[in-house]
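Everything numeric in this text was worked out from a predicted model, so none of it was measured.
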Amino acid sequence: MARIPVVTPDQAGPATKVAYKMAARMFGEVPEPFTVLAHHPGLMRSNAVHEMLAQRASKVLPKNVREIAVYRTAWNIGCSWCVDFGTMLQRLDGLDTERLEHIADYKTSDLYSDDERAAIEYADAMTGNVRDDVTDEQVADLERRFGRAGLVELTYQVALENMRARMNSALDIQDQGFSTDACRVPWADAVSGQGSTSSPTGPGFQATSQKNPSGSAK
């Protein structure tokens, strides 16, 4: 469980209930970070809009390059929720998720292209001591590979994942099962602890959930 309790559907206001149902239809279940962020409805709405716009705008980089850099960032920080969710997004994008098991050996693995290795190295540098680890030569190489817009997109997405992963890790939000066939419902423990089953019905509001995501947003 997260370090602070999730906002259950019973506790949520009308707008948050609608947001929960929309998220459940998109992903097969309501993402737990969303239910924790719901303690601050204004930031929850801002985050949802920002994520949607960032996803729509991020079309310059090849999706395999963008997603592997984001995944590596989450892996470096140790955000199990982000790694779990990111695996699902790559599967929905038609990417090879089995190679993620070899992310630690990306430098020598034949499963990664030169462009992907360059993006991973940049993600590592940005997630470490960014002032010292990111170099002029590295940025120039990425600009040659992806163009200036691609470089900006890569930088933006790695920085955004740093924010997600660090916030989720600080609040101890753990993997939810998006990368598997069934997904943990964020408020299942809270509801069972209260002895109540009066939460709203519909996609994402059952005690257990079989995932059937219809889209992705990152």
Side-chain angles (χ1 to χ4, degrees), residues 1-41 43-56 63 67 70-71 74-75 77-95 97 100 160-161 163-218:
M1 294 180 62
R3 289 192 166 105
I4 60 175
V6 304
V7 175
T8 69
D10 279 342
Q11 298 164 337
T16 299
K17 284 186 173 73
V18 171
Y20 281 2
K21 288 191 175 184
M22 291 176 62
R25 279 195 289 269
M26 289 182 68
F27 306 119
E29 188 48 73
V30 183
E32 187 164 355
F34 206 49
T35 67
V36 173
L37 197 54
H39 286 288
H40 194 309
L43 283 179
M44 183 187 71
R45 289 191 295 271
S46 297
N47 174 260
V49 171
H50 174 237
E51 290 282 2
M52 178 184 67
L53 293 176
Q55 178 202 12
R56 289 181 178 178
K63 57 187 177 182
E67 292 299 331
V70 169
Y71 182 92
W75 184 84
I77 292 172
C79 175
S80 66
W81 189 91
C82 302
V83 166
D84 176 42
F85 194 75
T87 301
M88 179 194 72
L89 292 184
Q90 293 195 51
R91 175 174 54 79
L92 292 176
D93 279 338
L95 301 175
T97 57
L100 300 179
L160 180 57
E161 183 58 28
M163 184 275 288
R164 295 188 195 106
R166 293 182 188 280
M167 183 170 181
N168 291 342
S169 296
L171 296 176
D172 199 26
I173 298 173
Q174 300 293 321
D175 58 291
Q176 200 172 335
F178 281 104
S179 60
T180 65
D181 293 331
C183 193
R184 174 174 54 82
V185 179
W187 47 77
D189 292 339
V191 170
S192 62
Q194 295 167 0
S196 168
T197 57
S198 61
S199 56
T201 59
F205 289 155
Q206 292 81 15
T208 59
S209 173
Q210 296 297 320
K211 296 193 286 87
N212 183 27
S214 59
S216 64
K218 199 154 174 69

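Rounding to the nearest 0.5 Å gives a distance of 12.0 Å between CG of Asn47 and NE2 of His40. With values rounded to the nearest 0.5 angstrom, Glu161 atom CD is found 10.5 Å from Arg166 atom CZ. Put simply, CD1 on Ile173 and CZ on Phe85 are 12.5 Å apart, with the number rounded to the nearest 0.5 Å. Leu160 contributes atom CG, which lies 11.5 Å from atom CD of Gln55 (distance to the nearest 0.5 angstrom). Atoms CG and CD, from Leu92 and Glu67 in turn, are 10.0 Å apart once rounded to the nearest 0.5 Å. A distance of 9.0 Å separates CG of Leu37 from CD1 of Ile4, quoted to the nearest 0.5 Å.
Checked by atom type and distance alone, the side chain of Arg184 never pairs as donor or acceptor with a backbone atom of Gly177 at under 3.5 Å. Proximity of a side-chain donor or acceptor of Gln176 to a complementary backbone N or O of Glu32 within less than 3.5 Å is detected.
Considering every non-hydrogen atom in both Asp10 and Lys17, the closest pair reads O-NZ, 4.4 Å. Between Ala165 and Ala74, the closest heavy-atom pair is CB-CA, 4.4 Å. The nearest pair of heavy atoms linking Thr35 to Tyr20 is CA-OH, 3.4 Å. Here the closest heavy-atom approach between residue Glu29 and residue Val185 is recorded as OE1-CG2, 3.4 Å.
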Fill in: Full working for side-chain contact (heavy atoms from CB on, under 4.5 Å) between Arg91 and Thr87
CA-CA 6 Å; Arg91 175 174 54 79; Thr87 301; 5.8 Å; no
Item to complete: For side-chain contact (heavy atoms from CB on, under 4.5 Å), just list the numbers for Trp187 and Gln11, CA-CA rounded to whole Å, side-chain angles, deciding distance to a tenth of an Å, and then say yes or no.
Response: CA-CA 11 Å; Trp187 47 77; Gln11 298 164 337; over 6 Å; no
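Between Phe178 and Trp81, the ring-plane angle classifies as perpendicular under the 30° and 60° cut-offs.
Residues that satisfy the side-chain hydrogen bond (donor to acceptor under 3.5 Å, both in side chains) test with His50, not counting sequence neighbours, are Tyr156. Contacts of Ser80 classified as side chain to side chain contact (heavy atoms under 4.5 Å, CB included), with partners at least two apart in sequence or in another chain: Gln174, Asp175. Listed by chain and number, the residues in a side-chain hydrogen bond (donor to acceptor under 3.5 Å, both in side chains) with Asp84 are Ser179 (sequence neighbours excluded).
Put simply, the side chain of Val7 does not reach to within 4.5 Å of the side chain of Met44, judged on heavy atoms.
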